[in-house]
Amino acid sequence: MTWMNLPNRYLIVILTFVSTCVCYIERVGFSIAYTVAADAAGINQSSKGTILSTFYYGYACSQVPGGWAAQKIGGRKVLLLSFVLWSLTCFLVPLDPNRVTILVVARLLVGVAQGFIFPSIHTVLAQWVPPHERSRSVSLTTSGMYLGAAMGMLFLPSLVKLKGPESVFLAEAALGVLWSVLWFKYATDPPRSEHPKAAAAGFGESLLLTDASPRTKMENGGSTVKATKIPWKKILISRPVWAIVVNNFTFHYALYVLMNWLPTYFEQGLQLSLQEMGSSKMMPYLNMFLFSNVGGIVADHLITKRVMSVTKTRKFLNTVGFIVASIALLALPIFRTSGGAILCSSVALGFLALGRAGFAVNHMDIAPRYAGIVMGVSNTAGTLAGIIGVDMTGRLLEAAKIEYSGLFSPESWRAVFFIPGWLCIFSSFIFLVFSTGERIFD
């Protein structure tokens, strides 16, 4: 018991929540700071898209290795190492849009380091959080992403205006170091659960080769630790896993496109100043924070009260979230006022976050022992969405700029928002057909 007598698992959830919050402050912060610096240097939209998408190349490379490392070394240690690496990179690398090589290398390093974060978090939570608390715990942890994005959109444009784009990097590095100190001081590995039902559900299982791991008796009366073999083939050919993968891809395609290009849409598509928009510009991400936690609470209520099975709960929330988000995305370029754009983007991102109570928690339902591995596989797809979506959006906008003589017409942005809108419809159908809430990996 620590911090006002909080149970250790609550402390772990709070710290992982703060970790995702800090990570997304960094991601939104780079988008804002780089956009200002690049526009001042006359960088075109296609080149901006290339730099903004570079992060995701490094992020994609470390997803599955991140799950493997968390499985073998421990999610707690890997998460700490990740934070230290990306914080140091932000602190040491200057923001100069004309020094393309340095920026590319730096964003690749930050991407690689942050790629270890979510597989590590899922490994930690699968060990610490009992099944009846998983939906709201995972939803709270992941909602930190959206609160971080909201805080970044609210405060960082003013920081850029007062201190310049470089100040964003220093502030992000300081936050990363502060979190690392807290994690090092307060985070621990979980004790193995001795409760039969909890152990059967995957709660408290050690994913490492420890004294509590299964043992095989030897002829001389001794024993050896029996290593857990990761069922790679079964994971990679599993239809429920691919249902998660497809939805993770779509979720992150929509999220990363909006996160990286909403500042440009407000500035050039709607001719608005981020500094003058006040707190309204943070509403899409604040909505994600709220809806993510609502989704987790609703999911746990439906499951614990036996209103729906785990499978039906995941499918219901995923379908509602993605279908409503698709409608909002398809409507977004029609609205030409700040209020309309904020409303549509808030509904889209909010209901996508609601859908995370479906596909995102499903990792732990089907494979609690291998949650980090499955998360690494599905998040690789989500990262590919960032590479494809962010870069392609830059190319689409550069072509639209030529065709429509600027980016201020709705036609310039229609393809940008229609692609994730239709992907949401397709993905919700895939999850509805192929997903399950039952444990399929022992």
A.B. asks: Would you confirm whether Trp261, through its side chain, and Val416, through its main-chain N or O, come within 3.5 Å as a donor-acceptor pair?
C.D. replies: no

A.B. asks: Would you mind checking if Asp365 and Arg439 are paired as a salt bridge, meaning a charged N to carboxylate O distance below 4.0 Å?
C.D. replies: no

A.B. asks: What about the rings of Phe83 and Trp86, do their centers lie closer together than 6.0 Å?
C.D. replies: yes

A.B. asks: Are Leu147 and Phe17 side-chain neighbours, meaning at least one heavy-atom pair lies under 4.5 Å?
C.D. replies: yes

A.B. asks: Go through Val377 and Val245 one step at a time and tell me if the side chain to side chain contact (heavy atoms under 4.5 Å, CB included) criterion holds.
C.D. replies: CA-CA 7 Å; Val377 172; Val245 166; 4.2 Å; yes

A.B. asks: Please answer whether the main-chain N or O of Gly269 pairs with a side-chain N or O of Arg336 as donor and acceptor at a distance below 3.5 Å.
C.D. replies: yes

A.B. asks: Between Asn44 and Ser47, do the side chains contain a donor N or O and an acceptor N or O under 3.5 Å apart?
C.D. replies: yes

A.B. asks: Would you compute the distance between atom CZ of Phe316 and atom CG of Leu302 and round it to the nearest 0.5 angstrom?
C.D. replies: 7.0 Å

A.B. asks: When rounded to the nearest 0.5 angstrom, what is the spacing between CG in Asn362 and CG in Asn247?
C.D. replies: 9.5 Å

A.B. asks: Will you find, in the side chains of Ser143 and Ser292, an N or O donor that is under 3.5 Å from an N or O acceptor?
C.D. replies: no

A.B. asks: For Asn318 and Gly358, indicate whether the former's side chain and the latter's backbone hold a donor-acceptor pair under 3.5 Å.
C.D. replies: no

A.B. asks: Could you go through the side chain to side chain contact (heavy atoms under 4.5 Å, CB included) check for Glu411 and Arg414 one step at a time?
C.D. replies: CA-CA 5 Å; Glu411 291 79 11; Arg414 184 168 289 120; 3.5 Å; yes

A.B. asks: Can you confirm whether Ile12 sits close enough to Trp183 that some side-chain heavy atom of one is under 4.5 Å from a side-chain heavy atom of the other?
C.D. replies: yes

A.B. asks: Would you call the rings of Tyr256 and His252 parallel, tilted or perpendicular, where under 30° means parallel and over 60° means perpendicular?
C.D. replies: tilted

A.B. asks: For Phe431, does the six-membered ring have the charged nitrogen or CZ of Arg314 within the cation-pi criterion, i.e. under 6.0 angstrom from the centroid and within 45° of the normal?
C.D. replies: no

A.B. asks: Please report the closest heavy-atom contact between Val246 and Phe426, naming both atoms and the distance.
C.D. replies: CG1-CE2, 4.1 Å

A.B. asks: Does any N or O in the side chain of Ser427 come within less than 3.5 Å of the main-chain N or O of Cys424, such that one atom is a donor and the other an acceptor?
C.D. replies: no

A.B. asks: Within the 4.5 Å heavy-atom criterion, are Leu255 and Leu349 side-chain neighbours or not?
C.D. replies: yes

A.B. asks: At what distance, to the nearest 0.5 angstrom, does CZ of Phe55 lie from CG of Leu108?
C.D. replies: 10.5 Å

A.B. asks: Can you see which heavy atom on Ala325 is nearest to which on Ala348, and at what distance?
C.D. replies: CB-O, 3.4 Å

A.B. asks: Partners of Arg239 by side chain to side chain contact (heavy atoms under 4.5 Å, CB included), sequence neighbours excluded?
C.D. replies: Phe434

A.B. asks: If we ignore hydrogens and angles and just use 3.5 Å, is the side chain of Ser87 paired with the main-chain N or O of Val84 as donor and acceptor?
C.D. replies: no

A.B. asks: Any side-chain heavy atom of Phe351 within less than 4.5 Å of one from Leu354?
C.D. replies: yes

A.B. asks: Indicate the atoms forming the closest heavy-atom contact of Ser326 with Gly421, along with that distance.
C.D. replies: CB-O, 3.1 Å

A.B. asks: Counting only heavy atoms not in Trp422 (residues, nucleotides, ligands), do more than 12 fall under 6.0 Å from its CH2?
C.D. replies: no

A.B. asks: To the nearest 0.5 Å, what is the distance between CE (Met151) and CD1 (Ile25)?
C.D. replies: 4.5 Å

A.B. asks: Got Leu332 and Leu258 here, is their nearest side-chain heavy-atom distance under 4.5 Å?
C.D. replies: yes

A.B. asks: Would you give the length of the straight line joining atom CG of Asn293 to atom CD1 of Ile297, rounded to the nearest 0.5 angstrom?
C.D. replies: 6.0 Å

A.B. asks: Between Leu156 and Gly29, which heavy-atom pair has the shortest distance, and what is it?
C.D. replies: CD1-CA, 3.3 Å

A.B. asks: Please confirm whether the backbone N or O of Val112 pairs with a side-chain atom of Ser62, one donor and one acceptor, at under 3.5 Å?
C.D. replies: yes

A.B. asks: With under 30° as parallel and over 60° as perpendicular, where do the rings of Tyr24 and Phe118 fit, or are they tilted in between?
C.D. replies: perpendicular

A.B. asks: Can you confirm whether more than 12 heavy atoms, excluding those of Trp179, are under 6.0 Å from its CH2 atom?
C.D. replies: yes

A.B. asks: Within a strict 4.5 Å, meaning less than it, do heavy atoms of the Met283 and Leu286 side chains meet?
C.D. replies: yes

A.B. asks: Drop me the distance from Ile334's CD1 to Cys344's SG, to the nearest 0.5 angstrom.
C.D. replies: 7.5 Å

A.B. asks: Side chains of Met145 and Arg356: closer than 4.5 Å at any heavy-atom pair?
C.D. replies: yes

A.B. asks: I would like to know whether Phe249 and Ile388 meet side chain to side chain contact (heavy atoms under 4.5 Å, CB included); could you show each step before the answer?
C.D. replies: CA-CA 10 Å; Phe249 179 93; Ile388 295 169; 4.2 Å; yes

A.B. asks: Is it true that a side-chain atom of Thr123 and a backbone atom of Ala70 form a donor plus acceptor pair closer than 3.5 Å?
C.D. replies: no

A.B. asks: So, for Ala341 and Tyr265, which heavy atoms are closest and what is the spacing to 0.1 Å?
C.D. replies: CB-CE2, 4.0 Å

A.B. asks: Test your reading of the model: is there a side-chain donor-acceptor pair from Thr16 to the backbone of Ile121, 3.5 Å cut-off?
C.D. replies: no

A.B. asks: Any side-chain donor paired with an acceptor under 3.5 Å for Ser378 and Asn248?
C.D. replies: yes

A.B. asks: Between Thr89 and Leu85, is there a donor-acceptor pair closer than 3.5 Å when you use the side chain of the first and the backbone of the second?
C.D. replies: yes

A.B. asks: Has Arg107 got its NZ or CZ under 6.0 Å from the middle of the six-membered ring of Phe30, at an angle within 45 degrees of the ring axis?
C.D. replies: yes

A.B. asks: Which word best sums up how the rings of Phe322 and Phe359 line up, parallel for under 30°, tilted for 30 to 60°, or perpendicular for over 60°?
C.D. replies: perpendicular

A.B. asks: Could you go through the ring-ring contact (aromatic ring centres under 6.0 Å, His included) check for Tyr34 and Phe169 one step at a time?
C.D. replies: CA-CA 10 Å; Tyr34 176 72; Phe169 277 26; 9.5 Å; no

A.B. asks: Quick one: does Ser238's side chain have a donor or acceptor within less than 3.5 Å of a partner on Ile235's backbone?
C.D. replies: no

A.B. asks: If you take all heavy atoms of Ser345 and Leu262, which pair is closest and at what distance?
C.D. replies: CB-CD1, 4.4 Å

A.B. asks: With Arg76 as the cation and Phe184 as the aromatic partner, state whether NZ or CZ is under 6.0 Å from the six-membered ring centre and within 45° of the axis.
C.D. replies: no

A.B. asks: Within the structure provided, determine whether Leu330 and Phe418 are in side-chain contact (heavy-atom separation under 4.5 Å).
C.D. replies: yes

A.B. asks: Between Arg27 and Gln114, is the side chain to side chain contact (heavy atoms under 4.5 Å, CB included) condition met? List the steps.
C.D. replies: CA-CA 10 Å; Arg27 297 188 199 184; Gln114 290 201 14; 3.0 Å; yes

